[in-house]
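First up is the structure itself, then whatever we jot down about it.
Each chain gets a letter, A, B and so on, in the order its sequence line appears, and its residues count up from 1. What you are looking at is a predicted structure, and each value in this text was computed from that prediction instead of being measured.
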2 protein chains.
Amino acid sequence: MTYFCGMYEKKIPVELECGLHVFMEVISGKWKINLIWCIHSGIIRPGELHRRIPRASRRLLDTQLAQLTSLGIITKTVFSQKPAKVEYALTPLGKSLIPVIAVTAKWGEANRPLLEPLLQLPTPTLVQ
Amino acid sequence: MTYFCGMYEKKIPVELECGLHVFMEVISGKWKINLIWCIHSGIIRPGELHRRIPRASRRLLDTQLAQLTSLGIITKTVFSQKPAKVEYALTPLGKSLIPVIAVTAKWGEANRPLLEPLLQLPTPTLVQ
DNA sequence: TCCTATAGGGCTGAATTTAGCCGTACTTGA
DNA sequence: TCAAGTACGGCTAAATTCAGCCCTATAGGA
């Protein structure tokens, strides 16, 4: 099992105090929820996924797919044909995530009119 | 209204394609869900919050509280006493977030036994 | 006077994530 | 032969977030 440039060992310990953090650790990553949702919708091959999420680089999509795979959210099946063919699928754990994501998405859509303009604005921050 | 070191204008546009992203933009930040949950539980003053979340720096807690305030998730009331006194409270929008957070936390707790060990492991990544 | 508590900010550097370029190897179809 | 598709990885630099130190000012109590 090859994993891109490498594996990265965190230097700051992961925060898992409560279930909230567990959930966040799993889905944080710019395109992970899209990927999960696409796979759930039947978009299961790397190329298809990239066409569906064109704003992301193939590079990053591959990495985040690998992260989801290493957490047991999705599985990756490699068909040893020429040319190679790859398919992703949700595991039972991944499927259990679907209704949770649906709830959060519903909240986001309901409050989009309010929040979208605010989220474009500059944010309070530490730097500068 | 003073906002710490400054306001930061993002150079990479925010992703708000679907409700999932709206939700993620609101709560991503290392301690935001803790802060929201604590305020919901009646921990409403900066000092109390810091004692409740001691692993976070006061600095970062203040910043994330300011971010939540600027999005209308919480309100900040400054009592002009000596010494000053500050209280936070959830807005209706913030309160609407509570059941959503509860759902995600429930999922996280249910799958903690499975995921906690995996999340400690090195992650597939681009660098190195 | 000194220690504590209240609330807030300046500053530096590290850690982490993302963007975006390029190249490999193979196969099919025009 | 050439373009386009399949899938994968090397590499650099930017963007973004976070850690952790320092400081101010006020007031109360020992």
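- Nearest nucleotide to the side chain of Pro46(A), out of dA19(C), dA7(C), dA7(D): dA7(D).
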Return all side-chain donor-acceptor pairs below 3.5 angstrom for residues 43-51 of chain A, not counting sequence neighbours, or 'none' if the list is empty.
from: Glu48(A); atom 1: OE1; to: Ile44(A); atom 2: N; distance (Å): 3.1
from: Glu48(A); atom 1: OE1; to: Arg45(A); atom 2: N; distance (Å): 3.1
from: His50(A); atom 1: NE2; to: Ala56(A); atom 2: O; distance (Å): 3.1

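- Nucleotide dT17(D) holds its C1' atom 14 Å from the CD atom of Glu25(A), rounded to whole Å.
- Residue-level contact check: Glu48(B) touches neither bases nor backbone, having no heavy atom under 4.0 Å from any strand.
- Arg58(A) comes within 4.0 angstrom of a nucleotide base, judged by non-hydrogen atoms across all strands.
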Step-by-step side-chain contact (heavy atoms from CB on, under 4.5 Å) determination, Ile27(A) to Met24(B): CA-CA 9 Å; Ile27(A) 56 159; Met24(B) 289 295 288; 3.6 Å; yes
Protein-nucleotides 14-16 of chain D N/O pairs under 3.5 Å:
from: dT16(D); atom 1: OP1; to: Lys11(B); atom 2: N; distance (Å): 3.2
from: dT16(D); atom 1: OP1; to: Ile12(B); atom 2: N; distance (Å): 3.0
from: dT16(D); atom 1: OP2; to: Tyr8(B); atom 2: OH; distance (Å): 2.1
from: dT16(D); atom 1: OP2; to: Lys11(B); atom 2: N; distance (Å): 3.2
from: dT16(D); atom 1: O5'; to: Tyr8(B); atom 2: OH; distance (Å): 3.3

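- For Gln64(B) and dC18(D), the shortest distance from a side-chain N or O to OP1 or OP2 is below 4.0 Å.
- Rounded to a whole Å, the NE2 atom of His50(A) is 11 Å from the P atom of dA19(C).
- Not counting sequence neighbours, the partners of Glu15(A) by the side-chain hydrogen bond (donor to acceptor under 3.5 Å, both in side chains) test are Arg55(B).
- Residues meeting the side-chain hydrogen bond (donor to acceptor under 3.5 Å, both in side chains) test with Lys30(A), sequence neighbours left out: none.
- Once rounded to the nearest 0.5 Å, the distance linking CG of Leu35(A) with CG of Leu61(A) reads 5.5 Å.
- For residues 27-38 of chain B, proximity to DNA chain C is found at no residue, defined as any non-hydrogen atom under 4.0 angstrom from a strand atom.
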Without placing hydrogens or testing angles, list every side-chain donor-acceptor pair under 3.5 Å for residues 110-122 of chain A, not counting sequence neighbours.
from: Asn111(A); atom 1: ND2; to: Trp107(A); atom 2: O; distance (Å): 2.8
from: Arg112(A); atom 1: NE; to: Glu109(A); atom 2: OE1; distance (Å): 3.1
from: Arg112(A); atom 1: NH1; to: Leu16(B); atom 2: O; distance (Å): 2.7
from: Arg112(A); atom 1: NH2; to: Glu109(A); atom 2: OE2; distance (Å): 3.1
from: Arg112(A); atom 1: NH2; to: Leu16(B); atom 2: O; distance (Å): 3.1
from: Arg112(A); atom 1: NH2; to: Glu17(B); atom 2: O; distance (Å): 3.2

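- Between Leu65(A) atom CG and dC8(D) atom P there is a gap of 9 Å when expressed in whole angstrom units.
- Put simply, NZ on Lys76(A) is 13 Å from C1' on dT6(D), counting in whole angstrom units.
- Glu25(B) meets the salt bridge (Lys or Arg N to Asp or Glu O under 4.0 Å) test with no other residue; sequence neighbours excluded.
- Every residue meeting the salt bridge (Lys or Arg N to Asp or Glu O under 4.0 Å) condition with Arg58(A), not counting sequence neighbours, appears here in chain and number order: Asp62(A).
- Rounded to an integer number of Å, the gap from CE of Met7(A) to P of dT17(C) is 13 Å.
- Here the C1' atom of nucleotide dC26(C) and the CZ atom of Phe79(A) are 18 Å apart, to the nearest Å.
- For His21(B) and dT18(C), the NE2 to C1' distance is 13 Å, given to the nearest whole Å.
- Look at CD on Glu87(A): it is 12 Å from P on dC8(D), rounded to the nearest Å.
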Sequence neighbours excluded and cut-off under 3.5 Å, please list the side-chain donor-acceptor pairs for residues 83-94 of chain A, or say none.
from: Thr91(A); atom 1: OG1; to: Gly72(A); atom 2: O; distance (Å): 2.6
from: Thr91(A); atom 1: OG1; to: Ile73(A); atom 2: O; distance (Å): 3.1
from: Thr91(A); atom 1: OG1; to: Leu93(A); atom 2: N; distance (Å): 3.3
from: Thr91(A); atom 1: OG1; to: Gly94(A); atom 2: N; distance (Å): 3.1

For Ile36(A) and Ile98(A): C-alpha separation, side-chain torsions, deciding distance, then whether side-chain contact (heavy atoms from CB on, under 4.5 Å) applies. CA-CA 8 Å; Ile36(A) 295 173; Ile98(A) 295 296; 4.1 Å; yes
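- Among residues two or more places apart in sequence or in another chain, the side-chain hydrogen bond (donor to acceptor under 3.5 Å, both in side chains) test is passed with His21(A) by Asn34(B).
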Reading nucleotides 20-30 of chain D from 5' to 3' and marking B where a protein heavy atom lies under 4.0 Å of the base, S where only the sugar-phosphate is that close, and - otherwise, the string is B-----BS---
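- In this view, Ser57(A) and Arg59(A), Leu60(A) satisfy the side chain to side chain contact (heavy atoms under 4.5 Å, CB included) rule, not counting sequence neighbours.
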